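Fair warning: this is a prediction, and the values are worked out from it, not measured in the lab. Every heavy atom of this structure was used, including side-chain atoms; hydrogens, water molecules and symmetry mates were not.
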Amino acid sequence: RASLALAVGRVEQARAGIEAVQLRAPDSAASGDALALQAVVDVVQNRPQQALVRAEQAVAIGPHRAAPLLARSYAEQALFDLDAASRSAQLAVETEPGNPLAWTRLSELRLMMRNLDGALDAARRAAALDPGLMYSRTVLGFADLINLDAPAARAAFEDASGFDQASPLPHLGAGLAMIMEGHLKAGRRRLEIAANLDPGNALIRSYL
């Protein structure tokens, strides 16, 4: 329930649910996942050091679960330690090889570190595990885009956009792929859609 509350932006409701789990079963796997969720909230709210402390606590409770390791990966990235973030993501996929979110996170970090072949491999694994996961399709699209494969990138972004029309990143990626293919007007239109969906996103506005 806390995870669903976060998905729709109800942070206080999510926090109440997280605290309830921790009070009821402080040493359980569920408590570890709750701490991991709180760590991600801390990252989003720009408290990276606190996020890392909570993520480490979550890993201590559930060392063989992907969620705490992924939370630690996000906290380490927020502290500008991409090597550590990548190691945590790698541990997450080794711990739960069937977890598409873990593979997507690993792909995302490999992209940041310019490991294009590794990023594509991880993104394809994520997409194969869960073809309906917008996040994995979006990361796969950016991997194809950086690899200068505009048609494949555009197809991945269109798939991702089909799963969630309100998400700006697939529109951004599709627009960039269209521009790479020479369709400037259509590409600009998709960038405008992305900017309208997330008006405060400086990255999208810079591309536009």
Side-chain angles (χ1 to χ4, degrees), residues 3-11 14 40-41 43-46 48 70 73-74 76-78 80 82 85-86 89 92-93 99-208:
S3 181
L4 288 170
L6 277 181
V8 294
R10 297 175 182 170
V11 177
V40 174
V41 173
V43 169
V44 173
Q45 295 184 336
N46 200 28
L70 292 175
S73 175
Y74 283 112
E76 287 162 341
Q77 181 187 342
F80 308 105
L82 288 184
S86 185
V93 301
N99 188 320
L101 285 174
W103 282 106
T104 303
R105 175 63 178 154
L106 183 60
S107 175
E108 186 177 46
L109 284 159
R110 285 176 175 176
L111 269 182
M112 293 178 197
M113 301 175 80
R114 306 296 294 178
N115 178 359
L116 301 186
D117 289 341
L120 274 169
D121 177 65
R124 285 170 180 156
R125 284 173 181 257
L129 286 166
D130 187 352
L133 185 63
M134 185 214 57
Y135 181 31
S136 65
R137 290 287 176 183
T138 301
V139 173
L140 178 59
F142 281 112
D144 284 325
L145 198 62
I146 291 172
N147 217 30
L148 303 181
D149 189 346
R154 184 175 175 183
F157 288 127
E158 296 294 7
D159 281 348
S161 184
F163 296 130
D164 185 359
Q165 286 285 332
S167 179
L169 285 180
H171 291 287
L172 169 66
L176 294 175
M178 289 174 180
I179 289 167
M180 188 182 286
E181 291 176 302
H183 307 303
L184 300 183
K185 188 174 180 180
R188 185 184 66 196
R189 190 158 53 243
R190 293 299 287 273
L191 295 184
E192 287 170 347
I193 291 171
N196 287 332
L197 287 169
D198 191 357
N201 191 313
L203 177 68
I204 293 174
R205 292 207 167 273
S206 70
Y207 275 115
L208 182 55

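Closest approach of T104 and A126 over heavy atoms only: OG1-CB, 3.2 Å. The two residues A160 and T138 come nearest to each other via the heavy atoms CB-OG1, 3.5 Å. The two atoms that bring S73 and A85 nearest to each other are OG-O, 2.9 Å, heavy atoms only. V139 and L111 get closest at one heavy-atom pair: O-CD1, 4.0 Å. Taking each heavy atom of G175 and L191 in turn, the nearest pair found is CA-CD2, 4.3 Å. Pairing each heavy atom of L106 with each of S86, the nearest pair is CD1-O, 4.1 Å.
By the salt bridge (Lys or Arg N to Asp or Glu O under 4.0 Å) test, R110 is found to be paired with no residue, residues two or more places apart in sequence or in another chain being considered. Checked against side chain to side chain donor-acceptor pair (under 3.5 Å), S107 has no partners two or more places apart in sequence or in another chain. Contacts of L145 classified as side chain to side chain contact (heavy atoms under 4.5 Å, CB included), with partners at least two apart in sequence or in another chain: F142, A153, F157, L176, A177, M180. For the side chain to side chain donor-acceptor pair (under 3.5 Å) test, residues two or more places apart in sequence or in another chain that qualify with N99 are E96. Residues satisfying the side chain to side chain contact (heavy atoms under 4.5 Å, CB included) criterion with A186, sequence neighbours excluded, are M178, H183, R189. E108 meets the side chain to side chain donor-acceptor pair (under 3.5 Å) test with R105, Y135; sequence neighbours excluded.
The CD atom of Q165 sits 9.0 Å away from atom CG of L197, with the distance rounded to the nearest 0.5 Å. Between the CG atom in L172 and the OG atom in S167 there is a gap of 10.0 Å [rounded to 0.5 Å]. Atom CG of L116 and atom CG of D149 lie 12.0 Å apart (nearest 0.5 Å). The CG atom of L208 lies 11.0 Å from the CD1 atom of I193; values are rounded to the nearest 0.5 Å. Note that the CG atom of N147 and the CG atom of L120 stand 5.0 Å from one another [nearest 0.5 Å].
Judged as a side chain to side chain donor-acceptor pair (under 3.5 Å), the pairs with a partner in residues 197-208 (not counting sequence neighbours) are, in order, D198-N201. Sorted by first then second residue, the salt bridge (Lys or Arg N to Asp or Glu O under 4.0 Å) pairs that include residues 170-181, not counting sequence neighbours, are R154-E181. Every pair passing salt bridge (Lys or Arg N to Asp or Glu O under 4.0 Å) that includes a residue from residues 123-146 is listed here, sequence neighbours excluded: D121-R125, R137-D159.
Residues H171 and E192 fail the side-chain proximity criterion, which asks for heavy atoms closer than 4.5 Å. Looking at heavy atoms from C-beta onward, Q77 lies in side-chain contact with L82 at the 4.5 angstrom threshold.
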